[in-house]
Amino acid sequence: MLRYIVRRVLGAIPVLFGLSVILFLFLRLLPGNPAVAILGQHATPQLVAQISSSLGLDKPLYVQYLQYIWQLLHGNFGASFVDGRTVASTFLVRFPATLELTTGAMIFAVGLGIPLGRLAARHPNGWIDGAVTALSLFGISIPIFVLGYTLVFIFGVELHWLPAVGQIDPRLNVNPVTNFSIIDAILSGNVNAVEDAVAHLILPSIALGSIPLAIVTRITRASVIDVSNEDYVRTARAKGLTEKRVDDRHIMRNAWLPVTTVIGLQVGSLLAGAVITETVFVWNGVGSWVVQAIENHDLIVVQSLIMIFAIIFLAVNLLVDIGYAFLNPRIRYS
Amino acid sequence: MTDTLLRVRHLRTYFWTLDGIVKAVDGVNMDIGTGRTLGVVGESGCGKSITALSIMRLIERPGKIVEGSVDLDRTDLLKLSESEMREIRGNAISMIFQEPMTSLNPVFTTGNQIAEAIRLHADIGAREAEDRAVEMLRKVGIPDPERRARQYPHEMSGGMRQRVMIAMALSTYPQLLIADEPTTALDVTIQAQILELMKELREERRMSIMLITHDLGVIAEMADDVVVMYSGKVVETGDVFTIFERPHHPYTQGLLGSLPRIGQRRGRLRVIEGVVPNPLNLPKGCLFARRCPCVMPICEQTPPPFQEVHPGQVSRCWLTPAGTTPAVGMTAPADVAEAEAARMTITADSGRQSATAAQMGEVGR
């Protein structure tokens, strides 16, 4: 098992290396000089040259790349052109919000998708299956920003059931300790604050989770139907097991396998979706930061954040694959 | 005479498909005596497996048992509630399947899967059940059973897995073991070992076996009684010696005639020409008529009766008992070839209805 994990970690290195090359070249090849972006249109050539040289932009590309990698290996993602703060420090402040949002979306998607998928699989092509299929199609076709603004309008503006934007009501004066709004609210000891933080999380989680929900539902349905036709399920019934036990133990343990993989892959779409969701719901997470950085031509921040997203994506999928190996003995030993 | 353990009467299991109703099992009767082995033979799709699954009440949609009774020790299984039936499944009646490679759950260890069956039907602890699972593995001849019990199915060969299936099926001491093509997926040497194992366990426990196969060699080796099925109906029953020595139904004769024989000169292998009738569009007379070398006008018109042709031998055919074997009650075993010759005579007598000789075809040398 340990060998499997080590092998998988080592396997991630070439991927990250390749990504760093592409990302680096892509951003350097973009038109426009970052120094000009920092200094503005009317900067003197001397000043531009000076800033360029201080940023290392006058050196040959391969030297720039090696320096970049060298810094990366030391955990140094650079600093923003705009506010001068290091990417790492801002990231630590903003990432908890994104993590909270993606976790909420994932709980929504998996917590609802798996029961729905199982329900649909129980009577394939029945009316429940049809309804679930329609819901999935809806979830996967509707863009996040449309769903997001619709939810805000209906539940936030018209019905006033849930807060429309933000992470927590600022009037509650919750002290940001961990930057996870729910954890901070719990730490403040104020029950209203906890409720408020959770309420703020609901709409964005639904907006962000709708696509993964649709996909998890469809995959669960297909997987459960698939496994239900396996010979070993018939064996389990022939033993005299109850339908529930056949379902929970013999079918689901196997049906989980493809679902697990898909959940891992959905983390990528969650990170991408967080960029939009955070903008719609005015969350100060990494997603809205990416949008700001792009607007400000903040090259280092964009580059670093894409790299960080990639690392997170790879790390989550590594964890998923390890979990998969635990679920599937056939992987464990090969 | 032995007692009857399982008595199946008028069993009908239909499948509602998009194209129409398929009568997969259409009025099947069979008896399995205590401690006896009933061989059920027939081509693919003749309803053998569906009969077995109907006995276990494991028919899934779109299939349904339409009528009949399945008496196990005078209890009609078809009248039991689902939870009462679960007490029977895997306990009084166990089943093993054709595909050992796919019949075990890949994500649980073999020991775990056997112990699950044991704990379900016996009130014992997890540890004890595991010990008993290891014992069962030892019993079915798996070397190093302690280690094997901790292994997953994919770590074992097909023969090993079928042994595990047998261990699992027998772990609850069933009265009846239904074995659906238990050796078909295995190679010949393993096949012999598995049959030997089943024989031993049968003797040891006086267990009854319903052995489903299309392999007449397996029947000859294992069965006491034989049921021959064709298109969802039983076409002939009798004890194994009668069926092999004096088959009455032309289909049974055809099956026996298609057995390759060692030592037979000029490698002629007989086949039964044609294919089974479309289950959605069955002929109105005898279902075998279109392939039958002895077909008579009545066969195309009226389904033949299921009648006793000799004591203990019942056949669904219009041919008279006297017709098949010219000397009625002849004690000397009638050779297949003799029976064949006799049949040819009858066909000629009955007016050369069809191109008889052509129907009983030959394949090249």
Side-chain angles (χ1 to χ4, degrees), chain A residues 1 4 118-129 220-221 223-261 320-334, chain B residues 18 49 52-53 55-62 82-110 112-122 150-155 161 164-165 168-169 171-172 174 177-178 180 185:
Chain A
M1 194 67 213
Y4 173 78
R118 291 179 69 174
L119 197 65
R122 191 156 301 164
H123 299 292
N125 305 321
W127 68 269
I128 295 179
D129 188 22
T220 304
R221 175 190 177 274
S223 180
V224 168
I225 291 175
D226 229 37
V227 175
S228 302
N229 292 323
E230 290 284 350
D231 289 345
Y232 54 76
V233 173
R234 190 182 53 190
T235 305
R237 292 210 174 91
K239 278 185 191 177
L241 294 172
T242 59
E243 238 359 78
K244 181 169 163 40
R245 193 160 158 87
V246 171
D247 247 27
D248 292 348
R249 195 173 131 89
H250 288 268
I251 296 180
M252 278 320 285
R253 260 302 301 272
N254 286 283
W256 262 109
L257 298 174
V259 177
T260 312
T261 308
V320 166
D321 284 350
I322 292 169
Y324 187 89
F326 270 108
L327 285 173
N328 188 352
R330 281 164 295 188
I331 296 290
R332 220 178 297 166
Y333 292 90
S334 58
Chain B
L18 288 178
S49 297
L53 290 172
I55 292 170
M56 292 288 275
R57 278 181 51 189
L58 285 173
I59 298 293
E60 286 177 61
R61 289 188 325 140
E82 180 53 32
S83 72
E84 286 169 326
M85 191 58 212
R86 278 200 298 271
E87 289 297 310
I88 302 284
R89 272 185 217 129
N91 195 15
I93 308 178
S94 283
M95 190 162 177
I96 54 179
F97 300 97
Q98 175 171 4
E99 281 296 335
M101 303 309 274
T102 53
S103 292
L104 288 165
N105 196 319
V107 301
F108 300 115
T109 61
T110 56
N112 180 313
Q113 295 187 55
I114 299 173
E116 184 183 35
I118 295 173
R119 288 198 69 190
L120 194 64
H121 300 292
R150 288 193 303 272
Q151 287 190 332
Y152 291 90
H154 71 274
E155 296 170 80
R161 291 190 209 183
V164 171
M165 284 298 291
M168 189 156 83
S171 63
T172 54
L177 175 70
I178 300 178
D180 188 357

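For Arg61(B), the part sitting under 4.5 Å from any heavy atom of chain A is the side chain, from C-beta outward, and nothing else. In this structure, the portion of Met168(B) lying under 4.5 Å from any heavy atom of chain A is its side chain and not its backbone.
In terms of heavy-atom pairs under 4.5 angstrom with chain B, the leader among Arg249(A), His250(A), Arg237(A) is Arg249(A).
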Listed pairs under 3.5 Å, donor-acceptor, residues 95-104 of chain B side chains, sequence neighbours left out:
from      : atom 1 : to        : atom 2 : distance (Å)
Thr102(B) : OG1    : Asp231(A) : OD2    : 2.5
Ser103(B) : OG     : Glu99(B)  : O      : 2.7

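Contact of the Glu116(B) side chain with the Leu241(A) side chain is registered, since non-hydrogen atoms from C-beta on lie closer than 4.5 Å. Under the 4.5 Å side-chain criterion, counting only non-hydrogen atoms from C-beta, Gln113(B) is in contact with Lys239(A). In this structure the side chain of Glu243(A) never reaches within 4.5 angstrom of the side chain of Glu82(B), judged on heavy atoms.
Taken from CZ in Phe108(B) to CG in Asn254(A), the straight-line distance is 7.0 Å, to the nearest 0.5 Å. Distance CZ/Arg245(A) to CZ/Arg86(B): 12.0 Å, rounded to 0.5 Å.
When all heavy atoms of Arg330(A) and Pro106(B) are compared, the pair lying nearest together is CZ-CB, 3.5 Å.
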Query raised in the report: Can you list the steps and then say if Met56(B) with Arg234(A) is a side chain to side chain contact (heavy atoms under 4.5 Å, CB included)?
Result: CA-CA 11 Å; Met56(B) 292 288 275; Arg234(A) 190 182 53 190; over 6 Å; no

